[in-house]
There are 2 protein chains.
Amino acid sequence: MKIGDKREKIIHSAIYIFAEKGFHEAKISEIAENAGVADGTIYLYFKNKTDILLAIFEEEVAKIITKINQRLITADDPLEKLRIFVKLYFNMLMNNKDLALLLQTELRRGNEYIKEYYEHKFSEYLKIIFDFITEGQNKKIFREDLNPDFVASAIYGAIDEVSRLVFFSPDKKYNFNLIIDQLNDLFIKGLVKKSD
Amino acid sequence: MKIGDKREKIIHSAIYIFAEKGFHEAKISEIAENAGVADGTIYLYFKNKTDILLAIFEEEVAKIITKINQRLITADDPLEKLRIFVKLYFNMLMNNKDLALLLQTELRRGNEYIKEYYEHKFSEYLKIIFDFITEGQNKKIFREDLNPDFVASAIYGAIDEVSRLVFFSPDKKYNFNLIIDQLNDLFIKGLVKKSD
DNA sequence: AATTAAAATGAATTATTATTCATTATTCTA
DNA sequence: TAGAATAATGAATAATAATTCATTTTAATT
């Protein structure tokens with residue numbers, strides 16, 4: 001086994017077990033078993049249980065933010081940026097269910113260690129949206145009367161909750177592209193029927 | 001002290017402590033101390049720690065749903081129902097910060113005991129929105145191409161996340177009525193500037 | 001192949017807290 | 001008001017699970 005592989009394995013087992021049971025109900029011994037290592041081995045790679053959670057946030061969230069930002073700089077129309085963001089972010093959630101559930105539950109906790117992280121890193125997420133909203137307002141494409149902070153939170157929260165609808169309706173077969181289009185449509189055009 | 005008062009006191013202390021620390025970090029002894037009773041007393045009113053959490057969900061969420069439904073039947077325009085819902089629900093979150101934080105964190109957990117509750121009771125929330133959305137579509141007020149399930153989740157998630165923005169920006173003084181108006185505006189008219 | 005160094009193990013330890021229950025206080029009843 | 005019944009207490013118990021570390025295994029070096 002390559003160096004570094006073991007750490008990766010532990011991280012991925014932890015994402016899975018944390019998502020499955022929640023941080024506190026997840027036992028180190030379960031993570032170790034799932035990763036195929038001994039309990040003690042985990043402590044060679046991580047200071048303690050919390051340290052695993054923080055490593056997941058630090059590393060995995062950073063990957064996502066980087067990926068989204070890289071894609072967004074290829075567009076310059078704010079409307080297109082919104083569409084790209086919704087598509088990328090929603091698809092990312094769908095393709096990383098365990099990580100998504102973990103972020104959605106544990107990132108919300110009030111724990112001191114997480115709170116610090118939350119306030120710092122989570123705002124980067126919102127900043128991505130905030131930026132193309134204000135850009136759109138400056139370019140007179142988006143309405144200027146809406147506070148971009150509220151809009152950023154609203155869009156983020158909406159995507160998040162719709163992803164949970166999908167996760168918790170395992171019986172239903174959803175068309176992800178349809179969901180993405182409809183979310184964009186709702187944000188862009190609103191609910192009300194156009195009088196044409 | 002009146003009969004029943006003690007149970008109420010424990011419930012309210014639990015809401016406070018659970019919201020502050022999270023369910024698992026909250027100690028029975030802390031809840032007892034805050035409520036001004038002995039640790040053992042809590043077990044005269046509740047089977048165990050989880051039972052307190054479930055009681056909070058059962059009782060407090062039921063109150064909210066009842067209140068919203070009672071108010072909604074006084075309106076018949078779906079657009080007005082949307083406005084009423086957003087206003088009532090957002091204000092409820094603002095006026096019950098501890099309960100709001102508790103619902104937002106613990107209701108998302110994957111625990112078996114909560115999952116059962118979540119799937120049953122949480123859907124009642126979404127059903128409220130779902131109903132006036134479909135009503136609006138049937139009356140040709142709302143666009144019919146949007147899946148009302150997605151819209152319900154999106155609206156719920158948006159309000160929830162904006163409430164967290166407010167909770168976690170204690171320095172900023174937000175005008176709640178402005179937020180409510182802007183949320184409604186976003187849902188109803190969308191982001192894009194009207195070409196007039 | 002022998003020696004040293006690094007990595008991994010998992011049983012034992014430790015710390016934490018939910019829960020119990022023998023005891024005490026309070027309230028009710030006749 | 002005495003005696004029974006009910007409610008409350010909180011120190012002791014029990015259960016759980018994170019963490020440690022003496023020992024073993026594997027890898028690297030000469």
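Below, chains carry the letters A, B, ... as their sequence lines are ordered, and counting in each starts from 1.
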Just the rounded figure in Å: distance from [atom2] of [N] to [atom1] of [X].
X: A:I10; N: C:dA7; atom1: CD1; atom2: C1'; answer: 12 Å
X: B:K21; N: C:dT16; atom1: NZ; atom2: P; answer: 13 Å
X: B:I31; N: D:dG10; atom1: CD1; atom2: C1'; answer: 17 Å
X: B:K9; N: D:dA8; atom1: NZ; atom2: P; answer: 12 Å
X: B:I42; N: C:dT17; atom1: CD1; atom2: P; answer: 15 Å
X: B:R7; N: D:dA7; atom1: CZ; atom2: C1'; answer: 16 Å
X: B:L44; N: D:dA5; atom1: CG; atom2: P; answer: 19 Å

Only pairs at least two apart or in different chains count here, so list each salt bridge (Lys or Arg N to Asp or Glu O under 4.0 Å) that has a residue in [range].
range: residues 69-92 of chain B; value: B:K81-B:E135
range: residues 31-59 of chain B; value: B:R7-B:E59
range: residues 153-163 of chain B; value: A:R108-B:D160, A:R108-B:E161
range: residues 166-176 of chain A; value: none

Of all the choices, C:dA8, D:dT9, C:dT9, which nucleotide is nearest to the side chain of A:K6 once you look at every atom?
-> C:dA8
Does A:K27 have any salt bridge (charged side-chain N to carboxylate O under 4.0 Å, His left out) partners at least two apart in sequence or in another chain, and if so, which?
-> none
Inspect the contact between A:E124 and A:K127 and indicate whether a charged nitrogen and a carboxylate oxygen are less than 4.0 angstrom apart.
-> no
Considering just the side-chain nitrogens and oxygens of A:Y45, establish if one lies under 4.0 Å of OP1 or OP2 belonging to C:dA8.
-> yes
Give me, pair by pair, the N or O atoms of the protein and of nucleotides 11-18 of chain D that are less than 3.5 Å apart, along with how far apart they are.
unit_1 : atom_1 : unit_2 : atom_2 : d
D:dA18 : OP1    : A:A26  : O      : 3.3
D:dA18 : OP1    : A:K49  : NZ     : 3.1
D:dA18 : OP2    : A:I28  : N      : 2.9

